[in-house]
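Quick notes on the structure that follows.
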Amino acid sequence: MTGQSVLIIGSGGREHALAWALARSQHVSQIFVAPGNGGTTWPAALGIAASTSISIEAKETSKLVEFASQQGVGLVVIGPEQPLADGIVDAFQIAHLPVFGPTQVAAQLESSKAFSKEFMLAHGIPTAEFAAFEDIHQARKWLQTFDRPVVVKADGLAAGKGVIICDTPDETDNALQLILETHQFGAAGNRVVIEERLTGKEFSVLAFSDGKTIAPMLVARDHKRALDGDQGLNTGGMGAFAPTSDITPQQIEAICRQILQPTIDGMAAQGTPYVGVLYAGLMQTADGMRVLEFNCRFGDPETQVILPLLETDLYEVLLACVQGRLHEIGLCWKDASCATVVLASGGYPQNYTTGLPITGLENVDKSVMVFHAGTTLQSGQPVTAGGRVLAVTAVGPTLDAALQQAYRAVNKIHFDGMHFRHDIGKGVDS
Ligand code: AMP
Ligand code: GLY
(Lines give C-alpha, C1' and ligand atoms only; values in the text may rest on other atoms or scores of the structure.)
(Ligands and ions follow the chains in the order given, each with its own letter.)
Protein backbone atom coordinates (compact mmCIF):
# COMPACT_ATOMS: atom_id res chain seq x y z
CA MET A 1 0.00 0.00 0.00
CA THR A 2 2.53 2.63 -1.06
CA GLY A 3 2.14 5.85 -2.93
CA GLN A 4 -1.46 6.82 -2.21
CA SER A 5 -2.73 10.31 -2.82
CA VAL A 6 -4.97 12.10 -0.34
CA LEU A 7 -7.43 14.95 -0.87
CA ILE A 8 -8.02 17.30 2.08
CA ILE A 9 -10.95 19.72 1.88
CA GLY A 10 -10.63 23.13 3.56
CA SER A 11 -8.34 26.14 3.77
CA GLY A 12 -7.36 26.77 7.38
CA GLY A 13 -4.61 25.99 9.85
CA ARG A 14 -6.38 22.74 10.68
CA GLU A 15 -6.11 21.59 7.07
CA HIS A 16 -2.44 22.60 6.85
CA ALA A 17 -1.80 20.54 10.01
CA LEU A 18 -3.68 17.57 8.51
CA ALA A 19 -1.59 17.87 5.33
CA TRP A 20 1.60 18.15 7.42
CA ALA A 21 0.77 14.95 9.32
CA LEU A 22 -0.47 12.97 6.31
CA ALA A 23 2.62 13.95 4.30
CA ARG A 24 4.64 12.06 6.93
CA SER A 25 2.67 8.83 6.43
CA GLN A 26 4.63 5.97 4.92
CA HIS A 27 1.62 5.24 2.68
CA VAL A 28 1.17 8.70 1.15
CA SER A 29 3.06 10.11 -1.82
CA GLN A 30 0.90 13.10 -2.82
CA ILE A 31 -1.45 15.44 -0.96
CA PHE A 32 -3.99 17.77 -2.54
CA VAL A 33 -5.64 20.48 -0.46
CA ALA A 34 -8.78 22.10 -1.86
CA PRO A 35 -8.60 25.04 -1.87
CA GLY A 36 -5.76 25.11 0.68
CA ASN A 37 -3.83 28.27 1.47
CA GLY A 38 -0.41 29.88 1.03
CA GLY A 39 1.23 27.13 3.09
CA THR A 40 -0.25 23.97 1.63
CA THR A 41 2.00 23.59 -1.40
CA TRP A 42 5.44 22.06 -1.01
CA PRO A 43 7.69 19.67 -2.93
CA ALA A 44 8.43 16.10 -1.87
CA ALA A 45 11.40 15.61 0.45
CA LEU A 46 12.96 12.61 2.15
CA GLY A 47 10.11 10.88 4.03
CA ILE A 48 7.66 13.68 3.25
CA ALA A 49 5.07 13.61 0.46
CA ALA A 50 4.50 16.62 -1.80
CA SER A 51 1.43 18.77 -1.22
CA THR A 52 -0.42 20.93 -3.74
CA SER A 53 -3.21 23.48 -3.23
CA ILE A 54 -5.86 23.09 -5.92
CA SER A 55 -8.30 25.84 -6.79
CA ILE A 56 -11.60 24.12 -6.08
CA GLU A 57 -13.67 25.55 -3.23
CA ALA A 58 -14.98 23.36 -0.40
CA LYS A 59 -18.56 23.94 -1.56
CA GLU A 60 -17.94 22.76 -5.14
CA THR A 61 -18.88 19.21 -4.30
CA SER A 62 -19.27 17.76 -7.77
CA LYS A 63 -15.95 19.23 -8.96
CA LEU A 64 -14.24 17.78 -5.88
CA VAL A 65 -15.75 14.34 -6.48
CA GLU A 66 -14.69 14.49 -10.14
CA PHE A 67 -11.15 15.52 -9.17
CA ALA A 68 -10.85 12.75 -6.56
CA SER A 69 -12.15 10.13 -9.01
CA GLN A 70 -9.75 11.21 -11.75
CA GLN A 71 -6.80 11.12 -9.35
CA GLY A 72 -7.91 7.82 -7.82
CA VAL A 73 -7.23 9.17 -4.35
CA GLY A 74 -6.79 6.68 -1.51
CA LEU A 75 -8.53 8.91 1.02
CA VAL A 76 -10.56 12.11 1.23
CA VAL A 77 -10.51 14.06 4.52
CA ILE A 78 -13.03 16.79 5.23
CA GLY A 79 -11.86 19.65 7.50
CA PRO A 80 -14.69 22.16 8.12
CA GLU A 81 -18.27 21.64 9.31
CA GLN A 82 -20.14 23.42 6.51
CA PRO A 83 -19.38 20.89 3.73
CA LEU A 84 -20.18 18.06 6.17
CA ALA A 85 -23.53 19.68 6.97
CA ASP A 86 -24.13 20.07 3.22
CA GLY A 87 -23.63 16.33 2.62
CA ILE A 88 -20.19 16.23 0.99
CA VAL A 89 -19.43 12.82 2.55
CA ASP A 90 -22.57 11.33 1.03
CA ALA A 91 -21.45 12.59 -2.39
CA PHE A 92 -18.03 10.93 -2.08
CA GLN A 93 -19.65 7.72 -0.81
CA ILE A 94 -21.99 7.60 -3.80
CA ALA A 95 -18.87 7.79 -6.00
CA HIS A 96 -17.33 4.90 -3.96
CA LEU A 97 -14.44 7.03 -2.75
CA PRO A 98 -13.03 6.41 0.75
CA VAL A 99 -13.95 9.52 2.75
CA PHE A 100 -13.28 10.43 6.37
CA GLY A 101 -16.11 12.38 8.01
CA PRO A 102 -19.75 11.94 9.02
CA THR A 103 -22.62 11.80 6.53
CA GLN A 104 -25.11 14.66 6.36
CA VAL A 105 -27.55 13.04 8.79
CA ALA A 106 -24.77 12.12 11.23
CA ALA A 107 -23.30 15.63 11.01
CA GLN A 108 -26.57 16.93 12.47
CA LEU A 109 -24.93 16.35 15.84
CA GLU A 110 -23.27 19.71 15.08
CA SER A 111 -25.43 21.25 12.37
CA SER A 112 -28.67 21.15 14.38
CA LYS A 113 -28.56 21.90 18.08
CA ALA A 114 -32.17 20.72 18.43
CA PHE A 115 -31.27 17.37 16.82
CA SER A 116 -28.24 17.06 19.07
CA LYS A 117 -30.18 17.88 22.26
CA GLU A 118 -33.03 15.52 21.39
CA PHE A 119 -30.50 12.80 20.58
CA MET A 120 -28.78 13.28 23.95
CA LEU A 121 -32.10 13.19 25.77
CA ALA A 122 -33.12 9.98 23.97
CA HIS A 123 -29.80 8.25 24.73
CA GLY A 124 -29.28 9.36 28.32
CA ILE A 125 -26.24 11.51 27.53
CA PRO A 126 -25.88 14.18 30.22
CA THR A 127 -26.59 17.71 28.96
CA ALA A 128 -28.32 20.91 30.09
CA GLU A 129 -32.14 20.93 30.29
CA PHE A 130 -33.60 22.48 27.15
CA ALA A 131 -36.55 23.18 24.90
CA ALA A 132 -36.63 24.01 21.16
CA PHE A 133 -39.00 26.47 19.45
CA GLU A 134 -39.81 27.93 16.07
CA ASP A 135 -42.45 30.26 17.48
CA ILE A 136 -41.42 33.15 19.73
CA HIS A 137 -44.74 33.12 21.62
CA GLN A 138 -44.30 29.47 22.54
CA ALA A 139 -40.74 30.21 23.64
CA ARG A 140 -41.93 33.08 25.85
CA LYS A 141 -44.63 30.89 27.36
CA TRP A 142 -42.11 28.15 28.22
CA LEU A 143 -39.76 30.70 29.77
CA GLN A 144 -42.50 31.72 32.22
CA THR A 145 -42.35 28.20 33.62
CA PHE A 146 -38.53 28.06 33.73
CA ASP A 147 -37.11 30.22 36.49
CA ARG A 148 -33.38 29.57 36.04
CA PRO A 149 -30.79 31.50 33.96
CA VAL A 150 -30.69 30.46 30.31
CA VAL A 151 -28.60 30.39 27.17
CA VAL A 152 -30.29 30.95 23.81
CA LYS A 153 -28.86 29.20 20.74
CA ALA A 154 -29.62 29.40 17.04
CA ASP A 155 -30.35 25.83 15.91
CA GLY A 156 -28.06 25.74 12.87
CA LEU A 157 -24.45 26.56 12.00
CA ALA A 158 -23.66 30.18 12.82
CA ALA A 159 -19.85 30.28 12.66
CA GLY A 160 -19.59 30.03 16.45
CA LYS A 161 -21.68 33.17 16.97
CA GLY A 162 -25.12 31.67 17.50
CA VAL A 163 -24.92 31.22 21.29
CA ILE A 164 -26.22 34.05 23.48
CA ILE A 165 -25.64 33.88 27.24
CA CYS A 166 -28.47 35.79 28.91
CA ASP A 167 -28.20 37.54 32.30
CA THR A 168 -31.71 39.02 32.49
CA PRO A 169 -35.20 38.22 31.12
CA ASP A 170 -34.83 41.26 28.83
CA GLU A 171 -31.62 39.88 27.38
CA THR A 172 -33.32 36.54 26.83
CA ASP A 173 -36.19 38.18 24.98
CA ASN A 174 -33.77 40.23 22.89
CA ALA A 175 -31.90 37.05 21.98
CA LEU A 176 -35.13 35.36 20.89
CA GLN A 177 -36.08 38.37 18.76
CA LEU A 178 -32.61 38.57 17.22
CA ILE A 179 -32.70 34.92 16.17
CA LEU A 180 -36.39 34.27 15.36
CA GLU A 181 -37.60 37.70 14.21
CA THR A 182 -34.62 39.72 12.92
CA HIS A 183 -33.10 36.52 11.45
CA GLN A 184 -29.59 37.62 12.45
CA PHE A 185 -28.31 34.12 11.66
CA GLY A 186 -30.45 33.55 8.58
CA ALA A 187 -31.93 30.08 8.21
CA ALA A 188 -29.70 28.81 11.05
CA GLY A 189 -32.11 30.71 13.29
CA ASN A 190 -35.39 29.26 12.03
CA ARG A 191 -35.44 27.47 15.35
CA VAL A 192 -33.94 28.26 18.76
CA VAL A 193 -32.80 26.03 21.55
CA ILE A 194 -33.20 27.50 25.03
CA GLU A 195 -30.99 25.82 27.61
CA GLU A 196 -30.45 25.93 31.30
CA ARG A 197 -27.30 27.97 31.91
CA LEU A 198 -24.61 25.82 33.52
CA THR A 199 -21.49 26.82 35.39
CA GLY A 200 -18.20 24.99 35.70
CA LYS A 201 -14.89 24.39 34.01
CA GLU A 202 -15.00 23.77 30.28
CA PHE A 203 -12.88 21.46 28.20
CA SER A 204 -13.11 19.50 24.96
CA VAL A 205 -12.40 15.89 24.15
CA LEU A 206 -11.94 14.78 20.55
CA ALA A 207 -12.09 11.17 19.46
CA PHE A 208 -11.73 9.23 16.23
CA SER A 209 -14.64 6.95 15.42
CA ASP A 210 -15.33 4.27 12.82
CA GLY A 211 -19.03 4.10 13.67
CA LYS A 212 -18.56 1.49 16.43
CA THR A 213 -15.25 2.02 18.19
CA ILE A 214 -13.85 5.27 19.59
CA ALA A 215 -10.24 6.28 20.17
CA PRO A 216 -9.82 9.49 22.18
CA MET A 217 -7.07 11.95 21.26
CA LEU A 218 -4.82 13.77 23.71
CA VAL A 219 -6.80 16.52 25.40
CA ALA A 220 -6.08 19.99 24.02
CA ARG A 221 -7.30 23.33 25.32
CA ASP A 222 -7.88 26.34 23.12
CA HIS A 223 -8.11 30.03 24.04
CA LYS A 224 -11.26 31.53 22.57
CA ARG A 225 -11.08 35.20 23.57
CA ALA A 226 -9.18 37.66 21.38
CA LEU A 227 -7.09 39.36 24.09
CA ASP A 228 -4.77 38.47 26.97
CA GLY A 229 -6.33 37.60 30.30
CA ASP A 230 -9.36 36.11 28.56
CA GLN A 231 -10.60 39.56 27.53
CA GLY A 232 -12.14 40.77 24.29
CA LEU A 233 -14.44 39.13 21.80
CA ASN A 234 -14.86 35.44 21.12
CA THR A 235 -12.81 34.13 18.22
CA GLY A 236 -12.35 30.81 16.46
CA GLY A 237 -9.38 30.22 18.79
CA MET A 238 -6.23 32.30 19.40
CA GLY A 239 -3.98 29.45 20.45
CA ALA A 240 -3.95 26.01 22.03
CA PHE A 241 -1.83 23.54 23.89
CA ALA A 242 -1.76 19.81 24.55
CA PRO A 243 -1.84 17.77 26.62
CA THR A 244 -3.70 19.50 29.45
CA SER A 245 -2.60 18.49 32.93
CA ASP A 246 -5.91 19.04 34.70
CA ILE A 247 -7.82 16.10 33.31
CA THR A 248 -6.93 12.63 34.53
CA PRO A 249 -6.90 9.38 32.53
CA GLN A 250 -9.77 8.24 34.79
CA GLN A 251 -11.82 11.27 33.74
CA ILE A 252 -11.11 10.58 30.07
CA GLU A 253 -12.17 7.00 30.58
CA ALA A 254 -15.41 8.17 32.25
CA ILE A 255 -16.10 10.62 29.40
CA CYS A 256 -15.61 7.82 26.87
CA ARG A 257 -17.89 5.48 28.81
CA GLN A 258 -20.66 7.96 29.70
CA ILE A 259 -20.62 10.30 26.71
CA LEU A 260 -18.58 9.41 23.62
CA GLN A 261 -19.31 5.67 23.34
CA PRO A 262 -23.06 6.08 24.07
CA THR A 263 -23.16 8.77 21.36
CA ILE A 264 -21.52 6.50 18.80
CA ASP A 265 -23.74 3.57 19.89
CA GLY A 266 -26.86 5.76 19.74
CA MET A 267 -26.06 6.98 16.22
CA ALA A 268 -25.46 3.39 15.07
CA ALA A 269 -28.73 2.26 16.71
CA GLN A 270 -30.61 5.02 14.84
CA GLY A 271 -29.22 3.65 11.55
CA THR A 272 -26.91 6.65 11.04
CA PRO A 273 -23.46 5.45 12.11
CA TYR A 274 -21.04 8.24 12.94
CA VAL A 275 -17.64 8.02 11.23
CA GLY A 276 -15.13 10.82 11.68
CA VAL A 277 -13.99 12.98 14.55
CA LEU A 278 -16.45 13.45 17.37
CA TYR A 279 -15.60 16.61 19.28
CA ALA A 280 -17.43 17.02 22.58
CA GLY A 281 -17.49 20.43 24.26
CA LEU A 282 -17.95 19.59 27.94
CA MET A 283 -18.51 21.33 31.24
CA GLN A 284 -17.63 19.88 34.65
CA THR A 285 -20.57 21.10 36.78
CA ALA A 286 -21.26 20.52 40.49
CA ASP A 287 -23.72 17.81 39.34
CA GLY A 288 -21.26 16.04 37.04
CA MET A 289 -20.08 16.26 33.44
CA ARG A 290 -22.45 17.82 30.88
CA VAL A 291 -22.19 18.10 27.09
CA LEU A 292 -22.47 21.72 25.90
CA GLU A 293 -22.19 20.86 22.24
CA PHE A 294 -20.88 18.38 19.73
CA ASN A 295 -18.75 19.29 16.74
CA CYS A 296 -18.45 16.85 13.87
CA ARG A 297 -14.85 17.57 12.85
CA PHE A 298 -11.34 18.28 14.05
CA GLY A 299 -10.96 21.47 16.14
CA ASP A 300 -9.07 24.49 14.88
CA PRO A 301 -6.51 25.27 16.40
CA GLU A 302 -6.65 22.08 18.53
CA THR A 303 -5.60 19.96 15.54
CA GLN A 304 -2.40 21.99 15.20
CA VAL A 305 -1.28 20.84 18.68
CA ILE A 306 -2.72 17.31 18.65
CA LEU A 307 -1.30 15.99 15.37
CA PRO A 308 2.37 16.90 16.03
CA LEU A 309 2.14 14.69 19.14
CA LEU A 310 0.60 11.71 17.32
CA GLU A 311 3.15 8.96 16.70
CA THR A 312 0.78 6.59 14.93
CA ASP A 313 0.56 7.01 11.15
CA LEU A 314 -2.44 9.33 10.65
CA TYR A 315 -3.33 7.80 7.27
CA GLU A 316 -3.62 4.38 8.91
CA VAL A 317 -5.89 5.81 11.63
CA LEU A 318 -8.20 7.64 9.22
CA LEU A 319 -8.39 4.72 6.79
CA ALA A 320 -9.17 2.33 9.67
CA CYS A 321 -12.09 4.63 10.62
CA VAL A 322 -13.41 4.65 7.05
CA GLN A 323 -13.09 0.85 6.84
CA GLY A 324 -14.70 0.15 10.22
CA ARG A 325 -11.63 -1.40 11.85
CA LEU A 326 -10.46 1.22 14.31
CA HIS A 327 -10.27 -1.51 16.97
CA GLU A 328 -7.12 -2.75 15.19
CA ILE A 329 -5.29 0.54 15.83
CA GLY A 330 -3.66 1.58 19.11
CA LEU A 331 -2.94 5.30 19.16
CA CYS A 332 0.56 6.22 20.37
CA TRP A 333 1.44 9.71 21.54
CA LYS A 334 4.78 11.44 22.05
CA ASP A 335 5.70 12.05 25.65
CA ALA A 336 6.00 15.80 25.01
CA SER A 337 3.94 19.00 24.87
CA CYS A 338 2.82 21.10 21.95
CA ALA A 339 1.71 24.73 21.84
CA THR A 340 0.42 26.95 19.07
CA VAL A 341 0.11 30.74 18.98
CA VAL A 342 -2.28 32.19 16.41
CA LEU A 343 -1.15 35.37 14.67
CA ALA A 344 -4.26 37.30 13.70
CA SER A 345 -5.01 40.25 11.43
CA GLY A 346 -5.43 43.66 13.10
CA GLY A 347 -9.13 44.03 13.94
CA TYR A 348 -9.93 40.28 13.97
CA PRO A 349 -12.49 38.95 14.96
CA GLN A 350 -14.15 42.06 13.53
CA ASN A 351 -13.16 43.85 10.31
CA TYR A 352 -9.61 43.57 9.03
CA THR A 353 -7.71 44.20 5.83
CA THR A 354 -6.04 41.48 3.77
CA GLY A 355 -3.27 41.33 1.19
CA LEU A 356 -0.56 42.43 3.66
CA PRO A 357 2.91 40.94 3.09
CA ILE A 358 4.11 38.44 5.72
CA THR A 359 7.84 38.65 6.43
CA GLY A 360 10.39 36.80 8.52
CA LEU A 361 9.15 33.25 7.95
CA GLU A 362 12.60 32.24 6.66
CA ASN A 363 14.15 33.20 10.02
CA VAL A 364 12.03 30.76 12.01
CA ASP A 365 13.82 27.74 13.44
CA LYS A 366 13.23 24.68 11.23
CA SER A 367 11.85 22.66 14.15
CA VAL A 368 8.92 25.10 14.50
CA MET A 369 5.83 24.36 12.43
CA VAL A 370 4.24 27.50 11.02
CA PHE A 371 0.80 26.31 9.94
CA HIS A 372 -0.81 28.73 7.51
CA ALA A 373 -4.48 29.63 7.94
CA GLY A 374 -5.57 32.91 6.32
CA THR A 375 -2.74 33.28 3.80
CA THR A 376 -2.34 33.20 0.07
CA LEU A 377 0.63 33.54 -2.28
CA GLN A 378 1.14 36.66 -4.43
CA SER A 379 4.02 36.27 -6.89
CA GLY A 380 5.25 33.46 -4.66
CA GLN A 381 5.23 35.61 -1.50
CA PRO A 382 2.81 34.95 1.37
CA VAL A 383 0.27 37.67 2.12
CA THR A 384 -2.58 37.79 4.62
CA ALA A 385 -5.96 36.53 3.39
CA GLY A 386 -8.04 35.96 6.52
CA GLY A 387 -8.56 36.74 10.21
CA ARG A 388 -6.44 34.00 11.70
CA VAL A 389 -3.32 34.16 9.56
CA LEU A 390 -0.75 31.71 10.98
CA ALA A 391 -0.58 29.16 13.80
CA VAL A 392 3.00 29.10 15.06
CA THR A 393 3.50 25.70 16.63
CA ALA A 394 6.29 24.04 18.62
CA VAL A 395 6.84 20.74 20.40
CA GLY A 396 8.98 20.55 23.54
CA PRO A 397 9.72 18.25 26.44
CA THR A 398 7.51 20.46 28.65
CA LEU A 399 4.72 22.92 27.95
CA ASP A 400 7.01 25.79 28.98
CA ALA A 401 9.68 24.66 26.54
CA ALA A 402 7.13 24.37 23.71
CA LEU A 403 5.71 27.81 24.51
CA GLN A 404 9.15 29.44 24.64
CA GLN A 405 10.05 28.04 21.27
CA ALA A 406 6.74 29.07 19.70
CA TYR A 407 6.97 32.64 21.07
CA ARG A 408 10.61 32.92 19.95
CA ALA A 409 9.41 32.14 16.42
CA VAL A 410 6.46 34.55 16.71
CA ASN A 411 8.90 37.38 17.38
CA LYS A 412 10.57 36.77 14.03
CA ILE A 413 7.38 37.03 11.98
CA HIS A 414 5.71 40.27 10.96
CA PHE A 415 2.77 41.68 9.06
CA ASP A 416 1.10 45.05 9.57
CA GLY A 417 -1.49 44.99 12.34
CA MET A 418 -0.49 41.48 13.51
CA HIS A 419 -1.83 40.64 16.96
CA PHE A 420 -1.64 37.58 19.16
CA ARG A 421 -2.13 36.51 22.74
CA HIS A 422 0.90 36.52 25.01
CA ASP A 423 -0.60 34.10 27.53
CA ILE A 424 -1.27 30.90 25.60
CA GLY A 425 -0.89 27.93 27.92
CA LYS A 426 -1.10 30.13 31.03
CA GLY A 427 -3.95 30.54 33.50
CA VAL A 428 -7.16 28.61 33.42
CA ASP A 429 -9.23 30.08 30.62
CA SER A 430 -10.61 28.01 27.81
P1 AMP B 1 -21.61 25.95 22.06
O2 AMP B 1 -21.33 26.46 20.68
O3 AMP B 1 -22.94 25.34 22.24
O4 AMP B 1 -20.48 25.16 22.67
O5 AMP B 1 -21.53 27.25 22.96
C6 AMP B 1 -20.42 28.13 22.93
C7 AMP B 1 -20.06 28.53 24.32
O8 AMP B 1 -21.21 29.00 25.02
C9 AMP B 1 -19.55 27.37 25.17
O10 AMP B 1 -18.19 27.14 24.97
C11 AMP B 1 -19.88 27.85 26.56
O12 AMP B 1 -18.88 28.75 27.03
C13 AMP B 1 -21.16 28.61 26.38
N14 AMP B 1 -22.32 27.74 26.65
C15 AMP B 1 -22.98 26.95 25.79
N16 AMP B 1 -24.00 26.29 26.39
C17 AMP B 1 -23.98 26.70 27.67
C18 AMP B 1 -24.78 26.38 28.82
N19 AMP B 1 -25.83 25.55 28.74
N20 AMP B 1 -24.46 26.99 29.98
C21 AMP B 1 -23.42 27.85 30.07
N22 AMP B 1 -22.64 28.18 29.03
C23 AMP B 1 -22.91 27.63 27.85
N1 GLY C 1 -11.47 25.73 18.48
C2 GLY C 1 -12.85 25.51 18.49
C3 GLY C 1 -13.38 24.73 17.38
O4 GLY C 1 -12.70 24.22 16.51
O5 GLY C 1 -14.61 24.56 17.34
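In this text the structure is predicted, and so the values were computed from the model without any measurement. Just so you know, ligand 1 is whichever comes first in the structure, and atom 1 is the first atom listed for that ligand.
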Practice problem: Give the protein residues with at least one non-hydrogen atom closer than 4.0 Å to an atom of ligand 1, ordered by chain and number. | Solution: Lys113, Ala128, Val151, Lys153, Val163, Ile165, Glu195, Glu196, Arg197, Leu198, Glu202, Leu292, Glu293

Quiz item: Partners of Thr303 by side chain to side chain donor-acceptor pair (under 3.5 Å), sequence neighbours excluded?
Solution: none

Would you mind listing each N/O atom of ligand 2 next to any protein N/O under 3.5 Å, plus the distance?
residue  : atom  : partner : partner atom : Å
ligand 2 : 1 (N) : Asp222  : OD2          : 2.7
ligand 2 : 1 (N) : Gly236  : O            : 3.3
ligand 2 : 1 (N) : Asp300  : O            : 3.0
ligand 2 : 1 (N) : Glu302  : OE1          : 2.9
ligand 2 : 1 (N) : Glu302  : OE2          : 3.3
ligand 2 : 4 (O) : Arg297  : NH1          : 3.1
ligand 2 : 4 (O) : Asp300  : N            : 2.9
ligand 2 : 5 (O) : Arg297  : NH1          : 3.4
ligand 2 : 5 (O) : Arg297  : NH2          : 2.9

Quiz item: Do Lys153 and Asp155 meet the salt-bridge criterion of a basic N to acidic O distance under 4.0 Å?
Solution: no

Self-check item: Counterpart residues, side chain to side chain donor-acceptor pair (under 3.5 Å), relative to His183 (two or more places apart)
Solution: none

Quiz item: Does Trp20 use its side chain to pair, donor to acceptor, with the backbone of Glu15 at less than 3.5 Å?
Solution: no

Practice problem: Would you please indicate yes or no on a ring centroid separation below 6.0 angstrom for Tyr279 and Phe298? | Solution: no

Quiz prompt | Donor-acceptor contact below 3.5 Å, side chain Asp423 vs main chain Gly229 | solution = yes

Practice problem: Salt-bridge test for Lys201 and Asp246: reply yes if a basic N is under 4.0 Å from a carboxylate O, no otherwise. | Solution: yes

Quiz prompt | Student check: side-chain heavy atoms of Arg225 and Asn234 closer than 4.5 Å | solution = yes

Exercise. Decide yes or no for Leu206 and Leu218: does some side-chain heavy atom of the first lie under 4.5 Å from some side-chain heavy atom of the second?
Key: no

